[in-house]
Structure formats: structure tokens, C-alpha cells
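Atoms within each ligand, like the ligands themselves, are counted from 1 in listed order.
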Amino acid sequence: MHLLLINGPNLNLLGQREPSIYGSITLDSIELALEEKAKEAGVKLDCFQSNCEGALVDRIHQAIGKVDAILINAGAYTHTSVALRDALLGAGIPYVELHLSNTYSREEFRHNSFLSDRAVGVVSGFGVMSYHLAFEGIVDYLSEDEGT
Ligand code: CA2
């Protein structure tokens, strides 16, 4: 099983700014912990972060035919990007949308997602744990597929 974790704009600042909203753990340590978890589960995990919409689209295209599923925290692009939606649907790769914060308890503009209606699942509001829950959820989902 091969997974790709994608993080969008500003998530490289994790642990350095606004700890009251996003926590004090850095993106590097989130990725390291997930890589460790993936290793234990016998899963290959690639990680990618960019602040640029086009770079995120390009990375999704590169995953076509190579990756079984994508875990994506698209950051603010979640609420704005038809291009990311088109890339994910065009790639035909199952994906999980995830967020550190509960976007529904925040400003109204964060209540819309261009990704969630076609996601396998959405995890929002559990801080760093959202990444772990998304990982476990998609591994379980893909394992059930393998069994049928
Ligand atoms: O809760 C999430 O994970 C979000 O995807 C985070 C995005 C926000 O636009 C979404 O509505 C919800 C923002 C990421 C910004 O990350 C920062 C981290 C530290 C300091 C400043 C920004």
C-alpha cells in the first residue's frame, strides 16, 4: 500500500505561529510520526508540502498510477480551489480530507469545502490526531478493498 500525505499553504509554519489554534507541533514532527506509523504498518508513505496551488496540482498528477490514496490537508485552498478538486477527481485517487481545527466551528467561509463531497472521509478538529485518524481510516478502507 502506497500513500501520499499532502499539506497545503502555511502548514509549514506549524509549531512556530498561532499555537492556540494549530498546536505547538511542527509539520516535520507530524510527518516523522506518520512515517514511523506507516513503517510499522508496512505502508509506503510520501510527504509533500507546498504553499503554491499549481505545485500541489502537479504533485497530485505525479501520483497517478503510483499511489493508492492521498491524505490531504489543503489548508485555505480547501475553501477556494476548484483546481485542487479537479486534480483529485481527475487523478481518480481516493482521498481523505483532514484538518487540524474544526472548520465548522470557525468563520463561515471555512464551512465550504471543494473537496469533502467526493472524499472517502473527512477528519476535522482533532489537532495532530486528525492526521493519525485519517491514516488509520484510509488504511482500513484500502485493506477492506484488498479483501474483496
Ligand atoms: O485546520 C486546518 O487544518 C486548516 O486546514 C488550516 C488552514 C485553514 O485555512 C483551514 O481553514 C483549516 C490554515 C493553515 C495555517 O497554518 C498555520 C500554522 C501556524 C501558523 C499560522 C498558520
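Close approach to Ala76 involves these atoms of ligand 1, each under 4.0 Å from a residue heavy atom: 9 (O). Heavy-atom contacts of Leu100 reach the following atoms of ligand 1: 1 (O), 2 (C), 3 (O) (cutoff under 4.0 Å). Atoms of ligand 1 lying under 4.0 Å from any heavy atom of Leu13, numbered from 1 in the order shown and given with element: 19 (C), 20 (C). Heavy-atom contacts of Asn10 reach the following atoms of ligand 1: 15 (C), 16 (O), 17 (C), 18 (C) (cutoff under 4.0 Å).
Electrostatic pairing of Lys39 and Glu36 does not count as a salt bridge here, judged by no charged N lying under 4.0 Å from a carboxylate O. Comment: Asp68 does not engage Lys44 in a salt bridge, judged by the lack of any side-chain N to carboxylate O separation of less than 4.0 angstrom.
Ligand 1 has at least one atom lying under 4.0 Å from a heavy atom of His79. Heavy-atom distances between Asn73 and ligand 1 reach below 4.0 Å in at least one pair.
Between the side chains of Lys37 and His132, at least one donor N or O lies within less than 3.5 Å of an accepting N or O. Using modelled atom types and a 3.5 Å distance limit, the side chains of Asn51 and Glu53 yield no donor-acceptor pair.
Note: an N/O pair closer than 3.5 Å links His99 and ligand 1 by distance alone. Not a single N or O atom of Thr103, backbone or side chain, sits closer than 3.5 Å to an N or O atom of ligand 1. For ligand 1, one of its N or O atoms has an N or O atom of Arg110 under 3.5 Å away.
Looking only at protein heavy atoms, the nearest one to atom 6 (C) of ligand 1 is Tyr22 CE2, 3.6 Å. What sits closest to atom 19 (C) of ligand 1 on the protein, heavy atoms only, is Arg17 O, 3.3 Å.
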**Request:** Kindly determine whether Ser101 and Arg106 satisfy side chain to side chain donor-acceptor pair (under 3.5 Å), including the steps that lead there.
**Result:** CA-CA 8 Å; Ser101 62; Arg106 301 183 64 191; 2.9 Å; yes
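Closest heavy-atom contact between Phe114 and Arg85: O-NH1, 2.8 Å.
Aromatic ring pairs are classed by plane angle as parallel below 30°, tilted from 30° to 60° and perpendicular above 60°; the pair His79 and Phe109 is perpendicular.
A donor-acceptor contact shorter than 3.5 Å links the side chain of Thr78 to the backbone of Gly75.
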